[in-house]
Amino acid sequence: SIGTNQSYRRYQDLLAHARSAAPIAANFETEMIFGLGEAAREERTALVSASFWSLFGVQPILGRFFAPADDQPPHGTAVAVLGYGYWQSQFAGSRDVLGQRIRIGSSDYTIIGVTPPGFSGISLRSMAAFIPLTAGAADVFAEVGINDDRWRTSYRVGWLQTLVRRKPGVTVDAASADLTNAYRLSLETQRPTGPAGQVPAAELEQ
């Protein structure tokens with residue numbers, strides 16, 4: 001991890017400027033409402049970038065993981081990869097789960113895959129589902145009163161954990177210098193978006 005509570009804008013800048021890391025991914029974990037009416041219940045959910053999967057070298061036990069085309073702003077594609085435990089407990093491990101629709105937040109998601117047993121990404125807690133960052137963000141922020149695109153356009157909205165892996169053959173020192181430079185370039189991009197003469201409040205992202 002190279003940062004928590006980072007903005008989506010910062011994440012996009014790092015993707016554009018970093019040369020030593022492959023991949024760079026982003027992750028956000030939260031509780032989301034699954035289902036409707038009396039059957040609705042909160043489940044642990046991970047909003048992740050499409051690049052997230054390649055950090056771990058895992059393959060779905062069923063179906064597929066979502067791809068970059070599914071994780072494009074402003075809204076992404078409403079697809080879901082179920083956690084293995086949730087698949088077993090709620091769908092009895094049925095292979096017919098692929099293509100079924102599941103209500104997550106205010107949207108219906110199409111189930112496209114299932115993670116291997118025991119996989120929870122970087123979390124110690126099991127996940128009911130993994131969904132694209134850009135598909136789930138609007139729901140997450142609407143709950144806290146942000147009903148516009150600030151989650152992806154503002155440097156001041158920090159919410160993501162950014163994850164990186166060094167490219168083969170790149171030293172720790174070289175990677176650190178490269179990422180520091182990428183962050184500096186991002187701050188230079190951010191500076192004109194603030195009030196005249198005001199240095200961006202980078203400390204909002206920790």
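Small disclaimer: the values here were computed from a predicted structure and weren't measured. Keep in mind that the numbers below use all heavy atoms, side chains included, and drop hydrogens, waters and symmetry copies.
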Report the C-alpha distance between Arg64 and Asp70 in whole Å, list the side-chain angles of each, state the deciding distance to 0.1 Å, and finish with yes or no for side chain to side chain contact (heavy atoms under 4.5 Å, CB included). CA-CA 12 Å; Arg64 69 175 180 91; Asp70 298 313; 3.1 Å; yes

For the student: nearest non-hydrogen atoms of Ala129 and Phe34, plus distance: CB-CZ, 3.9 Å

Give the table of side-chain donor-acceptor pairs shorter than 3.5 Å for residues 131-142, with sequence neighbours excluded, one pair per line with atom names and distance.
residue, atom, partner, partner atom, Å
Thr134, OG1, Asp71, OD1, 2.8
Thr134, OG1, Gln72, N, 3.4
Asp139, OD1, Ser106, OG, 2.4
Asp139, OD2, Ser106, N, 2.9
Asp139, OD2, Ser106, OG, 3.3

Determine yes or no for a side-chain-to-main-chain donor-acceptor pair under 3.5 angstrom, with Trp53 supplying the side chain and Gln59 the backbone. no

With the side chain counted from C-beta on, respond yes when Arg41 and Ile33 share a heavy-atom pair under 4.5 Å apart, and no when they do not. no

Tyr109 OH to Phe130 CZ distance, which is reported to the nearest 0.5 Å: 14.5 Å

Return all side-chain donor-acceptor pairs below 3.5 angstrom for residues 110-122, not counting sequence neighbours, or 'none' if the list is empty.
residue, atom, partner, partner atom, Å
Thr110, OG1, Arg101, NH1, 2.5
Thr115, OG1, Tyr84, N, 3.2
Ser120, OG, Ser123, O, 2.6

Taking all non-hydrogen atoms of both residues, which atom of Pro23 and which atom of Ser54 are closest, and how far apart? CG-OG, 3.3 Å

Heavy-atom side-chain proximity of Arg10 to Gln190 below 4.5 angstrom: yes

When every non-hydrogen atom of Ile24 is compared with those of Ala18, the smallest separation belongs to CD1-CB, 3.7 Å

Is a side-chain N or O of Ser186 found less than 3.5 angstrom from the main chain of Ala182, in a donor-acceptor match? no

As a test of understanding, state which of Leu163, Thr162, Leu55 forms a side-chain contact (heavy atoms from CB on, under 4.5 Å) with Asn27. Leu163

Same apolar cluster (I L V M F W Y, side chains within < 4.5 Å links), Phe28/Leu15: yes

May I ask you to test the Gln100-Phe91 pair for a side-chain heavy-atom distance under 4.5 Å? yes

Applying side chain to side chain contact (heavy atoms under 4.5 Å, CB included) to Gln6 and Leu14, what does each step give before you reach the verdict? CA-CA 11 Å; Gln6 292 202 330; Leu14 294 177; 3.9 Å; yes

Nearest 0.5 Å, what's the OG1-CG distance between Thr189 and Asp13? 5.0 Å

Just checking, any donor-acceptor pair under 3.5 angstrom between side chains of Gln12 and Arg152? no

Using atom types as modelled and distance alone, determine if a side-chain donor or acceptor of Ser49 lies under 3.5 Å from a backbone N or O of Ala25. no

Any donor-acceptor pair under 3.5 Å from Ser94 side chain to Asp96 backbone: yes

Distance from Thr30 atom OG1 to Leu47 atom CG, nearest 0.5 Å? 7.5 Å

Measure the shortest side-chain to side-chain distance between Met127 and Glu29 over non-hydrogen atoms and say whether it is less than 4.5 angstrom. yes

Tyr8 meets the ring pair (Phe, Tyr, Trp, His ring centres under 6.0 Å) criterion, sequence neighbours left out, with Tyr11, Trp151

Any pair with a residue in residues 163-175 that passes salt bridge (Lys or Arg N to Asp or Glu O under 4.0 Å), sequence neighbours left out, goes on the list, sorted by first then second residue, please. none

My understanding is that only residues two or more places apart in sequence, or in another chain, count here; which of them pass side chain to side chain donor-acceptor pair (under 3.5 Å) with Ser20? Asp178

Say you draw a straight line from CD of Glu43 to OG of Ser89; how long is it, rounded to the nearest 0.5 Å? 7.5 Å

For Val97 and Trp87: C-alpha separation, side-chain torsions, deciding distance, then whether side chain to side chain contact (heavy atoms under 4.5 Å, CB included) applies. CA-CA 8 Å; Val97 72; Trp87 175 53; 3.5 Å; yes

Suppose the criterion is salt bridge (Lys or Arg N to Asp or Glu O under 4.0 Å): which pairs have a residue in residues 107-135, not counting sequence neighbours? Glu31-Arg125, Arg103-Asp108

Do Ile146 and Asp148 come within less than 4.5 Å of each other through their side chains, counting heavy atoms only? yes

Identify the two heavy atoms, one from Thr77 and one from Ala69, that lie closest to each other, and give their separation to 0.1 Å. OG1-O, 3.9 Å

